[in-house]
Colleague: 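Before we start, here is the structure in question, set down as structure tokens.
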Amino acid sequence: MIFIKSKDNDKFKLAKSLLKTKYRNREKKYLAEGLRTIELALEHGAKIEYVFLSERFVSNDENIDVIEKLEEVTKIYALSDDLFKNISETENSQGIVAMINMKDLVIEDYDCNRHKKIIILDRLQDPGNLGTIIRTADAAGFDMIIMTKGCVDLYNPKVVRSAMGSMFYMDIVSTSQEKAFEVLKENNVEIVSSYLKTDNFFNKVDYSERCALVLGNEANGICDFWIDNSDLLVKIPMYGKAESLNVGISAALLMYQISL
């Protein structure tokens, strides 16, 4: 374990920079915070470059086994509690942050034998919603998530936290809507979009074995491209006075229906 005492330390400055999207994109690395999240990263083969621990975490005897386990697989840097606060974005941090290398996955890696249930995200903006959808897609047995231009950064710390480890083993790619459509149609994937202006209720239709579900922007829904290019438009019935559901809730209902 190496102790970092200065804010001018290169490793510390790199970790701090990864709180911003432009530096994450440049370095192809991101931060994951919390003990359980990092345990899941280890369990599912995420490429952890470094782990940063707060002084409080290191001094807690209950963490000795965790520290020893981490030392077997990666380099550990210990920071004073004050320095650690600069790389943490949670109010009550557990005192552990990992620097992880991004997956090198592109839309051309689509495999029709492995990726049969897919989520397409159209300009999704809220990091909490994205994390929830990633976690739910994993739970519902979906195989791939495609994020098109205009979506929130996948590696936003809030996305990483709310995905609860699922992002480490879900196949997630970013591409244009045109390229996503081209690849999916070449592989005979049915494109289903969530859209309020249709007569098709989501639980009254049949879905193909290979199915891609499009979920739209929180405020504006799906764009015209997906409306025009979907094989099927479906909606969730509103029995009360609410006009729509949160996209995370809608995603859960639709994914589980498709998985039935």
Side-chain angles (χ1 to χ4, degrees), residues 102-103 105-156 159 162-163 166-167 169-198 200 202 205-236 244-260:
M102 295 180 182
K103 287 183 179 179
L105 194 68
V106 294
I107 187 63
E108 286 78 11
D109 293 317
Y110 172 81
D111 183 340
C112 63
N113 295 315
R114 189 159 56 92
H115 301 128
K116 295 183 178 180
K117 293 185 176 65
I118 302 145
I119 291 291
I120 301 173
L121 300 178
D122 174 25
R123 299 164 299 137
L124 201 76
Q125 290 294 297
D126 184 85
N129 283 337
L130 175 55
T132 297
I133 289 170
I134 293 170
R135 186 179 179 186
T136 307
D138 175 25
F142 274 62
D143 310 302
M144 174 176 270
I145 296 174
I146 299 173
M147 298 175 58
T148 60
K149 185 177 180 180
C151 284
V152 63
D153 179 9
L154 171 62
Y155 299 104
N156 178 298
V159 175
S162 57
S166 291
M167 67 182 298
Y169 44 91
M170 284 293 294
D171 287 345
I172 306 174
V173 301
S174 295
T175 190
S176 68
Q177 57 190 18
E178 292 82 7
K179 186 62 179 178
F181 176 77
E182 175 187 333
V183 170
L184 295 176
K185 295 315 292 181
E186 284 177 353
N187 289 278
N188 297 314
V189 177
E190 180 184 45
I191 296 177
V192 178
S193 288
S194 174
Y195 185 58
L196 290 174
K197 296 179 181 179
T198 179
N200 300 317
F202 81 110
V205 297
D206 295 323
Y207 300 95
S208 298
E209 181 184 11
R210 294 179 186 170
C211 178
L213 172 64
V214 184
L215 299 167
N217 175 270
E218 288 89 346
N220 301 307
I222 61 172
C223 66
D224 289 342
F225 178 87
W226 293 114
I227 296 172
D228 295 338
N229 287 291
S230 292
D231 299 299
L232 181 62
L233 300 171
V234 298
K235 69 178 179 181
I236 298 169
S244 64
L245 292 171
N246 168 273
V247 67
I249 300 296
S250 297
L253 290 170
L254 291 162
M255 283 190 275
Y256 272 92
Q257 183 67 36
I258 290 170
S259 293
L260 287 176

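All values reported here derive from a predicted model rather than from experimental measurement.
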Colleague: Treating Y207 as the side-chain partner and A212 as the backbone partner, does any N or O pair qualify as donor plus acceptor under 3.5 Å?
Modeller: no
Colleague: Tell me which pairs pass ring-ring contact (aromatic ring centres under 6.0 Å, His included) where either residue lies in residues 113-152, with sequence neighbours left out.
Modeller: Y110-H115
Colleague: Got a second to check how far I120's CD1 is from I191's CD1, nearest 0.5 Å?
Modeller: 5.0 Å
Colleague: So which heavy atom on L215 is nearest to which on I222, and how close?
Modeller: C-CG2, 4.1 Å
Colleague: Give a yes or no on whether the backbone of V189 and the side-chain of N187 come within a donor-acceptor separation of less than 3.5 Å.
Modeller: no
Colleague: Just by distance, do the side chain of E190 and the backbone of R210 share a donor-acceptor pair under 3.5 Å?
Modeller: no
Colleague: Write down the atom of C211, the atom of V192, and the distance for their closest heavy-atom approach.
Modeller: SG-CG2, 3.6 Å
Colleague: Any side-chain to backbone donor/acceptor pair from S176 onto K179? Under 3.5 Å, distance only.
Modeller: yes
Colleague: Donor-acceptor pair, D109 side chain versus L105 backbone, under 3.5 Å?
Modeller: no
Colleague: Once you round to the nearest 0.5 Å, how far does CG of N188 lie from SG of C112?
Modeller: 9.0 Å
Colleague: Any salt bridge (charged side-chain N to carboxylate O under 4.0 Å, His left out) involving residues 211-234? Give me the pairs, sequence neighbours left out, ordered by first then second residue.
Modeller: K185-D231
Colleague: At what distance, to the nearest 0.5 angstrom, does CZ of F181 lie from CG of N229?
Modeller: 4.0 Å
Colleague: How far apart are the closest heavy atoms of D206 and L232, and which atoms are they?
Modeller: O-CD2, 4.2 Å
Colleague: Given L213 and I118, is the side-chain contact (heavy atoms from CB on, under 4.5 Å) satisfied, shown in steps?
Modeller: CA-CA 6 Å; L213 172 64; I118 302 145; over 6 Å; no
Colleague: Only one of I172, T175, V183 clears side chain to side chain contact (heavy atoms under 4.5 Å, CB included) with I146; which?
Modeller: T175
Colleague: With a 3.5 Å distance limit and no angle check, can you tell me whether S193 reaches the backbone of Y195 through a side-chain donor-acceptor pair?
Modeller: no
Colleague: Go through the steps for N217 and L124 under the test side-chain contact (heavy atoms from CB on, under 4.5 Å), then give the verdict.
Modeller: CA-CA 5 Å; N217 175 270; L124 201 76; over 6 Å; no
Colleague: So which atom in L233 and which in T198 form the shortest heavy-atom distance, rounded to 0.1 Å?
Modeller: O-OG1, 3.3 Å
Colleague: Donor-acceptor pairs are to be reported for all side-chain atoms of residues 147-155 against protein atoms at under 3.5 Å, with residues two or more places apart or in another chain.
Modeller:
unit_1, atom_1, unit_2, atom_2, d
T148, OG1, L121, O, 2.8
D153, OD1, Y155, N, 3.0
D153, OD2, T21, OG1, 3.2
D153, OD2, R24, NE, 2.9
D153, OD2, R24, NH2, 2.6

Colleague: Please list every donor-acceptor pair under 3.5 Å in which a side-chain atom of residues 246-260 meets a protein atom from a residue at least two apart or in another chain.
Modeller:
unit_1, atom_1, unit_2, atom_2, d
N246, OD1, G248, N, 2.6
N246, OD1, I249, N, 3.3
N246, ND2, N129, OD1, 3.2
S250, OG, N246, O, 3.3
S259, OG, A140, O, 2.7
S259, OG, M255, O, 3.0

Colleague: Quick one: which residue pairs count as a side chain to side chain donor-acceptor pair (under 3.5 Å) with a foot in residues 131-146, not counting sequence neighbours?
Modeller: D138-S166, D138-Y169
Colleague: Among residues two or more places apart or on two chains, list those pairs meeting salt bridge (charged side-chain N to carboxylate O under 4.0 Å, His left out) that have a residue in residues 113-123.
Modeller: R114-D171, K116-E209
